[in-house]
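Each remark here refers to the structure printed beneath this line.
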Amino acid sequence: MSGEDETMSAEATRRNAVKVLFVDDEFIEFRSLKKKIADLSEPRVDVEYSQSIGDALDKVKASRFDLILLDNRLLPNADFRETVPELRGIGYTGPIGVISTDISGNYFQEFPDYGVDFRIGKDEIDVQTLQHIIREYVTYDVPDFWKDDYSA
Amino acid sequence: MTSAAAVPFHAGPELSRAINRTDFFRLLKAAAQHYNFANFTLARISEAAAPFGEREVVITNVAERRMSLFVKTLKEALGTAKARTAQFLTTPVHGKSAAIEGYPSDLVFNEFSGSTFLFIPLFTPEGRRYCLVLSGQRQEPDQGEVADVLLDAMRIFDKLYEEILTQEMSGRLTQRETEIVKWTSEGKTSAEIAIILGLSEHTVNSHITAAVRKLDAVNRVHMVAIALRNGLVS
């Protein structure tokens, strides 16, 4: 398979299903998310679950994810200022969104400095919001004329 | 109104905290829901394709492939004359699109038919024209409600202007943009820069897009050439 074919096949896969990793120490939150987005068919979304940042790191090393939705507080006491740099540290360059029941803490205003793409309240997640997130961060188009043209 | 709980989400503390496009999506979605509208679209007014075309859309919750239908139904709801002159409007207008008779609503192809559309003109201090369009299956708003929606829309748009639009219009690179231009000048790809800086590729691409626009470049190579020429990177 040529490089071009591989790229086309990767793009086709991306169009078919968006792979999301949901990281939360409460399994019930994963079930709640699955229920909320059960009607989402455009695009099709496959959600995998990790209960800890350690498990998330293993999953990210093992396979490709288009998007990570990360609970802000993970046991023992880590928040996104510790967990997101860990995910970035292993070379994950896809979008990361931090979700929390309470995103009002002042430190949340610093989220871009920690490699976070967006923050969102848990109760705000629904089909429309996830479609926006996917359109904004996963399937967005980079104009062809300024892709990494000099390195081709 | 004394209780903090009575302040709607889009007019509360989240408004002052908003800093990126997703924050503004959240605010606009909450505002639309507060006034019982299902859909919202914030767009730049287009003189060529009044009131706006798909390319002018800034933030929306309308699916990409439904946008042309949304705009078509908006024009129908406002009436041809109002839709054509939308670029000159200074006050909100509203109208209702005709429902398709004789078919169950869940089988009708155009989900916007029978919707009330509210068109709110918005302006930047430099006079650039935008609009917020709300639509939903509800009755047409009275003057009092239109005034409330207008005020909320202006507050959100002011914050959007402050956080995002001024940045887009500024010719000066931010510290992060300069850093990314510097790495680009070293021959690094977006993916490599993302790893170096611990960011997403999306964030790196957004900064490059902003730098390309600010430096009036046509592509990345041109951006680096301008940055070198102007001494922005060495």
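This one's a predicted model, so the numbers in the text were calculated from it and none came from an experiment. Lettering follows sequence order; numbering is per chain, from 1. Note that these values count all heavy atoms, side chains included, but never hydrogens, waters or copies made by symmetry.
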Inset, instruction - Mark yes or no for whether A:D24, through its side chain, and A:E26, through its backbone, hold a donor-acceptor pair below 3.5 Å. - result: yes
Inset, instruction - Would you mind checking which part of A:P85 comes under 4.5 Å of any heavy atom in chain B, side chain (CB onward), backbone (N, CA, C, O), both or neither? - result: neither
Legend entry - Aromatic ring proximity, centroids under 6.0 angstrom, A:F111 and A:F80: no
Inset, instruction - Using non-hydrogen atoms and a 4.5 Å limit, figure out which bit of B:E64 sits close to chain A: side chain, backbone, both or neither. - result: both
Inset, instruction - Please determine if B:R138 forms a cation-pi arrangement with B:F37, meaning its NZ or CZ atom is less than 6.0 Å from the six-membered ring centre and no more than 45° off the ring axis. - result: yes
Legend entry - Residues A:R119 and B:D23 bridged, charged N to O under 4.0 Å: yes
Inset, instruction - May I ask you to decide if the ring planes of B:F117 and B:F70 are parallel, tilted or perpendicular, using 30° and 60° as cut-offs? - result: tilted
Inset, instruction - Answer yes or no: is there a donor N or O on one side and an acceptor on the other, between the side chain of A:S50 and the main chain of A:V23, under 3.5 Å? - result: no
Inset, instruction - Spell out, as yes or no, whether a donor-acceptor pair under 3.5 Å connects the side chain of B:E56 to the backbone of B:Y130. - result: no
Legend entry - chain A contacts, top residue of B:R176, B:K29, B:H222 (heavy-atom pairs, under 4.5 Å): B:K29
Inset, instruction - Could you point out which residue of B:I208, B:V221, B:V233 forms a side chain to side chain contact (heavy atoms under 4.5 Å, CB included) with B:T184? - result: B:I208
Inset, instruction - Using non-hydrogen atoms and a 4.5 Å limit, figure out which bit of A:I90 sits close to chain B: side chain, backbone, both or neither. - result: neither
Inset, instruction - Counting only heavy atoms closer than 4.5 Å, note whether B:V224 contacts chain A via side chain, backbone, both or neither. - result: neither
Inset, instruction - Check each atom of A:E124 against the heavy atoms of chain B and say whether the ones under 4.5 Å are side chain, backbone, both or neither. - result: both
Legend entry - Side chain / backbone / both / neither for B:N20 at chain A, heavy atoms under 4.5 Å: side chain
Inset, instruction - Before accepting this row, confirm whether a basic side-chain N of the pair B:E177/B:K214 lies closer than 4.0 Å to the acidic partner's carboxylate O. - result: yes
Inset, instruction - May I ask you to name which of A:I133, A:I120, A:I96 has the most heavy-atom pairs under 4.5 Å with chain B? - result: A:I120
Inset, instruction - Give a yes or no on whether the backbone of B:E201 and the side-chain of A:T93 come within a donor-acceptor separation of less than 3.5 Å. - result: no
Legend entry - Residue-level interface, residues 100-109 of chain A with chain B, non-hydrogen cut-off under 4.5 Å: A:I103, A:S104, A:Q109
